[in-house]
Structure formats: structure tokens, C-alpha cells
S.K.: 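I'd like to ask you about the structure that follows.
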Amino acid sequence: MAELGLLFYGYDKESADVITMTYSADFGEEIEIYGAVESDNLQVQDILEYPEKSRFGNGENKFLMFLGFDNEQISRCLKTFPASEKRPIFCGLTEHNISWEVNHLMEHLIEEKREATKQK
């Protein structure tokens with residue numbers, strides 16, 4: 001796996017490539033990409049371990065998981081996200097969510113977003 005990676009959910013391959021190229025140009029390095037569409041019952045670690053299981057496709061719910069990015073890099077990515085693409089829920093890979101099934105992760109992110117929106 002490259003040092004930096006992105007796990008996409010709810011994006012087709014073309015959109016994932018646009019986002020990845022934006023970040024690759026900004027950081028000057030290759031970024032590995034993975035797709036989690038049609039992988040609802042797979043654990044995140046399975047998709048990362050077996051890239052051939054990656055699937056891309058449009059969906060109403062979208063998330064983008066940063067793999068190997070530090071806080072400064074994530075902050076830059078949030079600022080330079082391509083305006084041509086619908087903004088996802090952003091998250092990072094953790095020791096906890098790596099073993100979650102994709103559908104559980106998506107539900108968790110939606111609930112976190114709902115709670116954060118209520119608190120504003």
C-alpha cells in the first residue's frame with residue numbers, strides 16, 4: 001500500500017479519480033484508492049487488504065476515509081476538496097473502525113453528523 005490512501009463510499013471511479021488527482025498534485029505523491037460500494041458487509045480491513053474487492057459507484061450517502069494522512073494533510077484536503085464534487089462525510093482510519101463493516105461505519109458517520117448538526 002502507498003503511504004497515503006483514500007477509501008471512497010458513494011463515489012463512482014471518475015469522481016474518485018478527480019478527488020485523488022487533486023490531492024496527489026497537492027502533495028506531490030501517489031495516493032492509493034479503494035472503493036467500498038457494494039461492500040456493506042465487508043470489514044474496512046478486508047477492503048484495504050484485498051484491493052481487488054474495491055468497488056466504486058454513486059450513492060446518496062458518501063464518505064471519504066483518509067489513510068495514512070496526518071492532521072495537517074487532512075486539514076489541507078478539507079480546504080482543497082474539488083468544488084465539482086459533492087462533499088462527503090470525512091473520517092480517518094482508526095484502530096477501532098478498521099474492523100467495522102462498511103454499513104456499520106456509514107451508519108456511525110451519519111449519526112455523528114446528525115449529532116454535530118444538532119449541537120450547532
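A quick note: this is a predicted structure, and the numbers were derived from the prediction, not measured.
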S.K.: Do any pairs count as a ring pair (Phe, Tyr, Trp, His ring centres under 6.0 Å) and have a residue in residues 87-108, sequence neighbours left out, and if so which ones?
M.R.: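 For residues 87-108: Phe66-Phe90, Phe81-Phe90, Trp100-His104, Trp100-His108.
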S.K.: Please indicate whether Glu111 has more than 12 foreign heavy atoms, meaning atoms of other residues, nucleotides or ligands, lying under 6.0 Å from its CD.
M.R.: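 Yes, the 6.0 Å shell around CD holds more than 12 heavy atoms from other groups.
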S.K.: Measure the spacing between CG of Leu67 and CG of Leu6 and express it to the nearest 0.5 Å.
M.R.: 6.5 Å
S.K.: Tell me the closest heavy-atom pair linking Ile19 and Leu64, and the distance in Å.
M.R.: CG2-CD2, 4.3 Å
S.K.: Which pair of non-hydrogen atoms, one from Val44 and one from Leu105, has the smallest distance, and what is that distance?
M.R.: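 Where Val44 meets Leu105 most closely, the heavy atoms are CG2-CD2, 4.0 Å.
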S.K.: Quick one, Tyr9 and Ile89 - any side-chain contact, counting heavy atoms below 4.5 Å?
M.R.: no
S.K.: Mind checking the SG-NZ spacing from Cys91 to Lys113? Nearest 0.5 Å is all I need.
M.R.: 12.5 Å
S.K.: At what distance, to the nearest 0.5 angstrom, does CG of Asn97 lie from CD of Gln43?
M.R.: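 Rounded to the nearest 0.5 Å, the CG-CD separation comes to 11.0 Å.
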S.K.: Keeping to residues at least two apart or across chains, list the side chain to side chain donor-acceptor pair (under 3.5 Å) pairs with something in residues 47-70.
M.R.: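 Residue pairs passing side chain to side chain donor-acceptor pair (under 3.5 Å), neighbours aside: Asp12-Asn58.
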S.K.: When rounded to the nearest 0.5 angstrom, what is the spacing between CG in Leu93 and CG in Leu48?
M.R.: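 Rounded to the nearest 0.5 Å, the CG-CG separation comes out at 6.5 Å.
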S.K.: Give, for atom CZ of Phe27 and atom CD of Gln73, the distance between the pair rounded to the nearest 0.5 Å.
M.R.: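 Answer rounded to 0.5 Å: 4.5 Å.
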S.K.: Which heavy atom of Tyr34 sits nearest a heavy atom of Ile47, and at what distance?
M.R.: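 Heavy-atom minimum between the residues: CD2-O, 3.7 Å.
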S.K.: Hydrophobic cluster membership, with links at side-chain heavy-atom distances under 4.5 Å among I/L/V/M/F/W/Y: are Ile31 and Ile74 in one?
M.R.: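 Looking at the clustering, Ile74 is in the same group as Ile31.
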S.K.: Are Ile110 and Met65 connected in the hydrophobic side-chain network, where two residues link if heavy atoms are under 4.5 Å apart?
M.R.: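 They do share one cluster, since a chain of ILVMFWY contacts under 4.5 Å joins Ile110 to Met65.
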S.K.: Considering non-hydrogen atoms only, spot the tightest contact between Val37 and Gly57 and give its length.
M.R.: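 In this case the closest contact between Val37 and Gly57 is CG2-O, 3.2 Å.
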S.K.: Side-chain heavy atoms under 4.5 angstrom apart, residues restricted to Ile, Leu, Val, Met, Phe, Trp, Tyr: same cluster for Leu78 and Phe69?
M.R.: yes
S.K.: Please find the pair of heavy atoms, one from Phe56 and one from Ile33, that lie closest to each other, and give the distance.
M.R.: CZ-CD1, 3.9 Å
S.K.: Can you run down the side chain to side chain donor-acceptor pair (under 3.5 Å) pairs that involve residues 75-92, sequence neighbours left out, and say none if there aren't any?
M.R.: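 Found Ser15-Glu85, Asp26-Arg76.
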